[in-house]
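Please read the structure below before turning to the comments.
Below, read A as the first sequence line, B as the second, and so on, with proteins coming before strands; counting in each chain starts at 1. Heavy atoms only: backbone and side chains are in, while hydrogens, waters and symmetry mates are out.
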Number of protein chains: 2
Amino acid sequence: MYEFSSSVNSVHSEDIKLLMKLSSGKSMISFAGGMPNNDLFPVKEIDEIYNSLPEGIKKLCFQYGPTSGYPPLVRSLQAYLKDKGLPVDTNKILISTGSLQAISIITQEFVNRGDLILTENPCFVGALSIFETYEAEIHGIQIDKDGIDIEALKQKIASLEKIPKLLYITPNFHNPAGIIYTPERKKALLEVLSNSGIILIEDDAYSDLYFREDEKYLTKPLKSYGVNDVEIVYTGSFSKILGPGFRLGYMLASEEIFEKAENIKQALDACTSNFMQILANEFLVQDKLYPYLGFLRQEYEERKNILQISLKKYMPKEITWHEPKGGFYVWLRLPEHINSTEIFRESVKKGVVFVTGRTFDPESIKDDRLRLSFSNMPKDTIEKGVKILAEVIKTVFDNTKINS
Amino acid sequence: MYEFSSSVNSVHSEDIKLLMKLSSGKSMISFAGGMPNNDLFPVKEIDEIYNSLPEGIKKLCFQYGPTSGYPPLVRSLQAYLKDKGLPVDTNKILISTGSLQAISIITQEFVNRGDLILTENPCFVGALSIFETYEAEIHGIQIDKDGIDIEALKQKIASLEKIPKLLYITPNFHNPAGIIYTPERKKALLEVLSNSGIILIEDDAYSDLYFREDEKYLTKPLKSYGVNDVEIVYTGSFSKILGPGFRLGYMLASEEIFEKAENIKQALDACTSNFMQILANEFLVQDKLYPYLGFLRQEYEERKNILQISLKKYMPKEITWHEPKGGFYVWLRLPEHINSTEIFRESVKKGVVFVTGRTFDPESIKDDRLRLSFSNMPKDTIEKGVKILAEVIKTVFDNTKINS
């Protein structure tokens, strides 16, 4: 669709492209990439799995599979999601080519041009790109350290002439804000959505990456709260717990939503790679996931700790943030009069990149924040990167003071 | 989109589902599946490749890659496509998650609800499902043993009130018709499309699977004819030359079309699996493709020969077909008064399945043909399957005679 081109040539996809380009630069210290570090992937485990596959299964890797997913992986996922308290008996799983495809499928299923979609502000930029692609009218709702702003959400819904088709949220270790919803906030959100006709997309890509066991309970998905008067599509991904290169995600949805989604997927790519699904299934079946997650949590927490200490040590007092309890991101707040794009321009020159705040604003305006990702950072580079960034920020502060 | 659901719950996707179900049945003799036989996959070659990957490259398998594709694979494909005479210097390659995704992307790029799309009749059912998904108005053009019917195409274009957005064809070893366009027919088609504003999608999934070297020249792609006044999007797949389980395809298109396509793909699945792209690239770089293709051609030709001999031996004289010069399919013609769905109902009971003619008719009506796929058949089962099918057909003939 031609109309489409204008919408995707938006700041969102442009920023993504710019950042992909920049953060791929060898010389750059990059807080930009929201991906695992290459050195953290379970290469050894997948080697063992691949080389121990029976001949018959190995041949299956090369073949088409059912559109809804490789049945043994669907069963393994049922067990994995059941452990999270999710209703795997009354809902159905659709394996997708990355969780981004799951979000894309749900959008194609329910959203026509001009329909309304509610998101958090800030919001995962990949989701924003999808919603723009389907030419939805996007309304962002502000969030605080405990989750989406319930009053702002109520007012927004009341102010709209149409009922929004979807509300998209990432409640656990939010991208980019790094926060996790409190149980109270999750309950309050479910109450607002009760019988509203708004479908909730709960994107839960990060919930396994909590840092402290005694805070694990915070990651309980909204879809596991046993509420029957809210339609929730739960999406998950192997990108953060195995590797983005597998392009493996999934949705858990009601049978009715699943059936249309399966038809849409059939027309998008017929099925997801059996090869990748079989390796992922063995990863689960051979109990390699939970030990690996233990390793990942420790690695990411160490990076977070180094980042936290460095930020405290170098950042001017005007810069504030919430220390994350898990996930990949720290979301720095700047004073109102400074914008992160301005800082970005300077820090690139000094060899440090991050993602600007406006990238995550549905309207691409609000720019008083910046996202630092620690997931892809070598531990010994974090402090150096923060030091440089802090100096850049101070310089920008001074210049603005002089100019004002 | 709700409107959408009705269109995909069409006979096409329903038939696909039914057939996937049936042809997966262990006890069935299946001429239905348009996929390679599990025993033909290059498992040994991929084992060697995987286990010889340098650590650094192996880690890349797990990581995100550029939306347009893993750069080394793009370069390898350029060389591979250049050998086919394709304009890789003036056009750009986009790696897709199966060639089906490439067709889906082009449709999303150019087609809005109600736009016109021309296809061959019969037409690859996967493409029909996509075009229905985007709610296009599909017009099928009859084909004969030499390709699309040029006169019928001219008349159709003249009779339409709008200029069609796309013409979709599979000129080399057509699915389902098994034919290959003559060079004269390819030239004539390009003349009709000259400056027509209709974009040609040339789906070339099968061209490497010719049976005789002295007929290889017939597979020359239309996009390699050096015509500048027809916009051609060329699509290819690794499904037939490596394995569908890789979900690897690609398009070769003008820069303008490529750029929008890249944006659309970003919102569909961000990128195609690096893991699969890296293995496929090594398959090309290590010169494993051409030897493997030699093996495949021989295997498929043997199956075709057994099928051809069996058909001559058992089929009643009323059944006619063209012996294929390559690819996967034989397209049987039935007498006008018999329809293949009727035969299908009976043959299923006897344990033999195939794909009915109407499945490939954009209007799901024309049913005087049936598709036999020999690609997935064990050689020692083909004759038995044909014998049973021939008996079923004779019985249906006799019953219709009695009833008439």
Nearest heavy-atom pair of B/Cys271 and B/Gly65: which atoms, and what distance?
CB-O, 3.4 Å
Salt-bridge criterion met for A/Lys288 and A/Glu282 (N-O under 4.0 Å):
no
Looking at B/Ile130, B/Asp269, B/Asn274, B/Leu100, which has the largest count of heavy-atom pairs under 4.5 Å with chain A?
B/Asp269
Does the structure place the NZ or CZ of B/Lys58 under 6.0 Å from the centre of the six-membered ring of A/Phe41, at an angle of no more than 45° from the ring's axis?
no
Under the criterion side-chain contact (heavy atoms from CB on, under 4.5 Å), I'd like the reasoning laid out for A/Ile138 against A/Glu132: C-alpha separation, chi angles, the key distance, then a yes or no.
CA-CA 8 Å; A/Ile138 305 169; A/Glu132 290 172 342; 3.9 Å; yes
Residue, of B/Pro42, B/Ala127, B/Gly249, that accumulates the most heavy atom pairs under 4.5 Å with chain A
B/Pro42
Give every residue pair that meets the salt bridge (Lys or Arg N to Asp or Glu O under 4.0 Å) criterion with at least one member in residues 30-41 of chain A, sequence neighbours excluded.
A/Asp39-B/Lys59
Quick check on B/Asp115 against chain A: is it the side chain, the backbone, both or neither that has a heavy atom closer than 4.5 Å?
neither
Mind checking whether A/Phe275 and B/Phe246 have ring centres under 6.0 Å apart?
yes
Between A/Leu279 and chain B, with a heavy-atom cut-off of 4.5 Å, which part of the residue counts as in contact: side chain, backbone, both or neither?
side chain
Side chain, backbone, both or neither: which part of B/Thr272 has a heavy atom under 4.5 Å from chain A?
backbone
Under a 4.5 Å heavy-atom cutoff, which of B/Thr97, B/Ile46, B/Asp47 has the most pairs with chain A?
B/Asp47
Highest number of heavy-atom pairs under 4.5 Å with chain B: which of A/Pro244, A/Gly243, A/Gly56, A/Gly98?
A/Pro244
Got a donor-acceptor contact below 3.5 angstrom from the B/Thr235 side chain to the B/Met251 backbone?
no
Where on B/Phe131 is there a heavy atom nearer than 4.5 Å to chain A: the side chain, the backbone, both, or neither?
neither
B/Gln277, part contacting chain A, at a heavy-atom distance under 4.5 Å
neither
Among B/Met276, B/Gln101, B/Glu55, single out the residue with the greatest number of heavy-atom pairs under 4.5 Å to chain A.
B/Met276
